[in-house]
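One structure below.
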Amino acid sequence: MERIASATFSCPAISMPRVCRIKPCGLNIDTDHRKRFSCRVAVASRVVDRFNGGEAIDLVKLDGTWRLQYTSAPDVVVLFEAASRFPFFQVGQIFQKFECKDRSDGGIIRNVVQWSVPSLLEDQEGATLVVTAKFDKVSTRNVYLQFEEISVRNININEQLQAFIAPAILPRSFFNLQILQFIRTFKAQIPVNATSPGRRSVGGLYYLSYLDNNMLLGRSVGGGGVFVFTKSQPLEL
């Protein structure tokens with residue numbers, strides 16, 4: 001189900017008013033309302049392309065953390081559909097973090113999904129999924145993503161599970177504390193780069209339609225969906 005949040009979209013020759021407000025994991029959105037907003041975003045994207053398509057993306061301005069406010073991308077929408085069907089799975093905030101301030105030809109992008117299993121982990125920020133990719137500028141507004149790694153990190157277990165592992169009313173042994181420390185520092189990494197010489201890693205084109213100090217609008221080339229982000233506080237990973 002498509003993710004929509006409160007946002008004001010403004011750029012030369014186009015203005016989009018506030019649409020609606022939901023909780024970070026809320027999914028009670030009227031279908032017709034979603035369709036109307038999705039259509040408006042698609043139209044806005046085409047208008048922005050027409051007026052700003054020739055301007056090169058400023059990598060200094062792109063650098064930093066951006067929080068997702070809206071998307072129609074199927075690979076993201078499916079996460080919220082799963083959270084609506086399964087009470088043991090919760091999706092929190094989603095970010096894109098660009099590391100390219102000192103570059104002119106590309107950099108690193110990290111897609112960050114905060115998620116949780118409510119009965120075991122802290123709400124919304126129980127764990128973090130990070131998909132890391134290199135990106136290269138291939139035109140004024142197109143960048144090519146070359147995915148490198150998927151990792152799970154920043155696991156925060158809830159108080160009930162902590163109490164089960166190391167009860168506060170009993171002396172905490174070295175073994176108990178080691179278990180807690182292992183969970184807190186756990187990081188699983190799965191490389192997704194090519195293993196055969198000369199073979200290119202999994203990747204794809206990402207078109208950056210609009211960028212200013214507060215908003216980023218882009219889409220995956222080839223029907224991958226539209227993304228609307230707003231600038232966020234730096235995200236430590």
Side-chain angles (χ1 to χ4, degrees), residues 1-7 19-42 44-45 65-98 109-133 135 143-156 188-193 201-209 216-230 232 235 237:
M1 190 168 292
E2 296 174 2
R3 181 180 177 84
I4 304 173
S6 171
V19 178
C20 65
R21 184 183 297 275
I22 62 171
K23 296 178 181 179
C25 299
L27 292 162
N28 297 321
I29 305 171
D30 177 75
T31 302
D32 291 336
H33 197 163
R34 287 190 293 106
K35 288 181 179 179
R36 288 195 299 271
F37 183 54
S38 179
C39 180
R40 293 171 72 182
V41 170
S45 179
T65 303
W66 301 83
R67 184 171 65 182
L68 182 67
Q69 300 291 351
Y70 168 86
T71 187
S72 59
D75 56 343
V76 179
V77 169
V78 69
L79 295 177
F80 294 98
E81 290 179 339
S84 68
R85 294 174 183 170
F86 305 111
F88 54 82
F89 179 63
Q90 184 184 72
V91 180
Q93 299 290 345
I94 296 178
F95 302 89
Q96 276 192 342
K97 184 177 181 181
F98 288 86
I109 179 174
R110 303 184 196 277
N111 295 311
V112 181
V113 180
Q114 294 177 338
W115 58 279
S116 180
V117 178
S119 58
L120 299 175
L121 307 177
E122 294 287 348
D123 284 349
Q124 297 184 36
E125 299 182 9
T128 301
L129 174 70
V130 181
V131 180
T132 303
F135 74 90
V143 297
Y144 182 82
L145 306 183
Q146 191 169 337
F147 295 100
E148 294 192 317
E149 180 187 88
I150 299 172
S151 65
V152 176
R153 60 183 80 177
N154 299 344
I155 297 178
N156 301 306
Q189 298 172 280
I190 304 174
V192 293
N193 53 338
S201 300
V202 177
L205 281 175
Y206 189 31
Y207 183 79
L208 303 174
S209 304
L216 170 65
L217 174 63
R219 69 170 183 266
S220 297
V221 177
V226 173
F227 298 87
V228 177
F229 295 90
T230 54
S232 176
L235 187 66
L237 297 175

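- Evaluation of the side-chain contact (heavy atoms from CB on, under 4.5 Å) rule for Ala127 yields Trp115, Leu121, Ile155 as partners, not counting sequence neighbours.
- Neither side chain, Glu148 nor Thr132, offers a donor N or O lying under 3.5 Å from an acceptor on the other.
- At distances below 3.5 Å, at least one donor-acceptor pair connects side-chain atoms of Ser72 with backbone N or O atoms of Val226.
- Between the OG atom of Ser220 and the OH atom of Tyr207 there is a distance of 13.5 Å, given to the nearest 0.5 Å.
- Nearest heavy atoms, Val76 versus Phe227: CG2-CE2, 4.1 Å.
- In this view, Leu235 and Thr65, Phe95, Val112, Gln114, Leu237 satisfy the side-chain contact (heavy atoms from CB on, under 4.5 Å) rule, not counting sequence neighbours.
- Of all heavy-atom pairs between Ser209 and Arg219, the closest is OG-NH1, 3.8 Å.
- Of all heavy-atom pairs between Val91 and Leu79, the closest is CG2-O, 3.6 Å.
- Of the candidates Phe98, Tyr144, Phe147, Phe135 forms a ring pair (Phe, Tyr, Trp, His ring centres under 6.0 Å) with just one, namely Phe98.
- Taking OG1 of Thr71 as the reference point, atom CZ of Phe229 lies at 7.0 Å (rounded to 0.5 Å).
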- Query: Going through the checks in order, is the side-chain contact (heavy atoms from CB on, under 4.5 Å) test met by Val143 and Leu205?
  - Reply: CA-CA 6 Å; Val143 297; Leu205 281 175; over 6 Å; no
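- Take Ser151 and apply the side chain to side chain donor-acceptor pair (under 3.5 Å) test, not counting sequence neighbours, and it matches Arg153.
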- Task: Show your reasoning for whether side-chain contact (heavy atoms from CB on, under 4.5 Å) applies to Gln96 and Ile109.
- Result: CA-CA 7 Å; Gln96 276 192 342; Ile109 179 174; 3.8 Å; yes
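- To the nearest 0.5 angstrom, Asn111 atom CG is 9.0 Å from Asp75 atom CG.
- Here the CD atom belonging to Gln69 is positioned 3.5 Å from the OG1 atom belonging to Thr230, to the nearest 0.5 angstrom.
- Arg110 pairs by the salt bridge (Lys or Arg N to Asp or Glu O under 4.0 Å) definition with Glu99, not counting sequence neighbours.
- Atom CZ in Phe80 sits 11.0 Å away from atom CD in Gln90 (nearest 0.5 Å).
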